[in-house]
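What follows is a set of notes on a single structure, which appears directly below.
The figures here come from the full heavy-atom set of this structure, side chains too, leaving out hydrogens, waters and symmetry mates. We count ligands from 1, going down the list as the structure has it; atoms in each ligand are counted the same way.
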Amino acid sequence: MSRPQVFVTRRIPAPALAILEEACDCRVWEYEEELCPPEVLAREMARVHGLLTMATDRIDPAWIAAAPRLRVIANMAVGYDNIPVQAATEHGVLVTNTPGVLDETTADLAFALMLAAARRLYEGQRTIVEGRWKGWYPSFLTGQDVHSATLGIVGAGRIGRAVARRARGFDMRILYHNRRRRPDLEAEVGAEYRSLDDLLRESDFVMVLVPLTPETRGMFGAREFSLMKPTAVFVNVSRGPVVDEAALYDALVTGKIWAAALDVFSEEPVRPDHPLLSLPNVTATPHIGSASVATRLRMATLAAENLVAALTGRRPPTPVNPEVLDRPEWQGEGSQG
Ligand code: GLV
C-alpha cells in the first residue's frame, strides 16, 4: 500500500516532523513568516490524506467537500474555531486538537499579562526608552495590586484551573463563571461560582478563557464593560472575536474600566494602527499564549501523533469529533482512501 500523503501548513519542530515522516510522505509550507495562502491549502487538501494545521489556517467547508482522500485534520492548537468541524464530520473527516499540553504555559502568559497591565510594565518601559523618566514621585506609574485582589475567571477549563492555582499563591479571591459548575475547582482552590454579571461586578481582574463558539462570539460588549469596576483590568487570552473591540476601546477611553491586556485580536495579525494599540492602558502580545519552546514541541508532537494514528488505523489520542470513528469507513483495517 502506498504511504499516506500529508501536508503541514508551517514548519514544525524536527522531532514532530520525524514522527510524520516515518509513516507518511510529507510536504511542508516552508515560509515560516508567511501564512500558507488559501489557494495552496485548498489545492493540497484535494491531494492529501492528512492535514496538519495551525490555529491561523481558516479551513473553508467547501475545501473539505472537495477533498476526496482527506481523512484527518490535526490542528496544532487547543482551540479549533478555525476548522469547520460540522462539515468535517459530515464528510467523515476526523478533527483533532492539542489539549492538555499547553495549559501551564498559557496560564503563565495569562498571569504575566495580568501583572503587566496591573503594574503598568509597558508604560514603564516606554517611559524609560522615550526619555520621559524624570524621577520618583508618589503618584508615578501607580497601578493596581494583584495580591489579595479578586480574580474572575470566565471559562474555567484546564487553563482556567492552572491560572486559579497561580492566583492562590497571590492570595487572590477567585470567582469563576463556566457553563457547568466545577466542584473540583471549588474544592481545590476555593473558587466561588458566579453568574457572569455578578462576576463582572465583583472582580478586580476579569480573565477570559472561553473557546470561540457561536455562543461566546461577542460575549463582551458595552453592557458587560459597564458592569465592571472602574479599576478593573480585562485580560483576554482566548480568541479576539469573543470581545467587541470597539466597545472595549470605548470602555477604556471613558474610564469604565482601567486597563486591558490582550493576547488575541479579532483580526490577526492585528494592524499596528488598530485604535486599541494607541492606548497607554492596553498591554498587547501577538497571540503567544502557548509559545514556549517546550510547549510548542509538545503541541507539534501531539498533533503529529494524532495525524499518524488516524492514518494508520489507530485511535488518535485527542479527537474533537470522535463520532467519526464509528463510521464504517473508519472501522476497516488501515485508513487510506
Ligand atoms: C492557541 O491559541 C490554541 O488554541 O492552542
Side-chain angles (χ1 to χ4, degrees), residues 8-13 16 29 32-33 35-36 41 51-59 72-86 88 94-114 153-163 166 178-179 207-220 234-243 245 260-270 283-307 316-321:
V8 184
T9 66
R10 288 282 163 122
R11 265 189 232 162
I12 57 173
W29 177 255
E32 205 150 48
E33 301 265 311
L35 193 66
C36 178
L41 203 43
L51 183 69
L52 196 150
T53 49
M54 310 294 131
T56 39
D57 300 309
R58 304 222 71 80
I59 304 298
V72 54
I73 302 175
N75 207 32
M76 188 181 140
V78 65
Y80 46 85
D81 49 279
N82 58 313
I83 312 283
V85 176
Q86 198 184 327
L94 189 72
V95 177
T96 67
N97 67 341
T98 60
V101 294
L102 48 73
D103 305 338
E104 300 297 335
T105 299
T106 306
D108 283 349
L109 193 270
F111 225 82
L113 279 178
M114 179 165 72
I153 297 173
V154 182
R158 281 177 294 254
I159 299 170
R161 172 171 173 257
V163 169
R166 284 159 180 73
N178 202 44
R179 270 172 308 183
M207 184 168 299
V208 187
L209 292 165
V210 292
L212 176 61
T213 64
E215 293 75 41
T216 62
R217 186 175 287 273
M219 183 177 190
F220 291 89
F234 178 77
V235 185
N236 187 9
V237 198
S238 68
R239 288 290 185 268
V242 165
V243 178
E245 289 177 342
L262 309 169
D263 185 46
V264 286
F265 299 86
S266 286
E267 227 181 88
E268 294 181 6
V270 65
T283 303
T285 48
H287 202 146
I288 55 170
S290 64
S292 76
V293 176
T295 289
R296 287 290 163 82
L297 174 59
R298 278 193 289 266
M299 291 165 69
T301 301
L302 180 53
E305 285 169 354
N306 273 318
L307 195 139
T318 51
V320 167
N321 55 349

* Separation between CG of L307 and CG of L94, rounded to the nearest 0.5 Å -> 9.5 Å

* Asked: At the 4.0 Å heavy-atom cut-off, does M76 count as touching ligand 1?
  -> no

* To do: Note the single closest protein heavy atom to atom 5 (O) of ligand 1, along with its residue, its atom name and the distance in Å.
  => V78 N, 2.8 Å

* Structure fact -> Note: P316 and T96 closest approach over all heavy atoms is CB-CG2, 4.1 Å

* Using distance alone, determine whether A77 and ligand 1 share an N or O pair under 3.5 Å. => no

* Structure fact -> Closest to atom 4 (O) of ligand 1 by heavy-atom distance, out of M299, R239, H287, M54, is R239

* In Å, rounded to the nearest 0.5 Å, how long is the span from CG of L109 to CG of D263? -> 5.0 Å

* Side-chain donor-acceptor contact under 3.5 Å, R298 with T295 -> yes

* Asked: Atoms of ligand 1 less than 4.0 Å from G79 heavy atoms?
  -> 3 (C), 4 (O)

* Can you see which heavy atom on V210 is nearest to which on S238, and at what distance? => O-CB, 2.9 Å

* Asked: Which of the atoms in ligand 1, numbered in the order shown and given with their element, are less than 4.0 Å from a heavy-atom of L102?
  -> 5 (O)

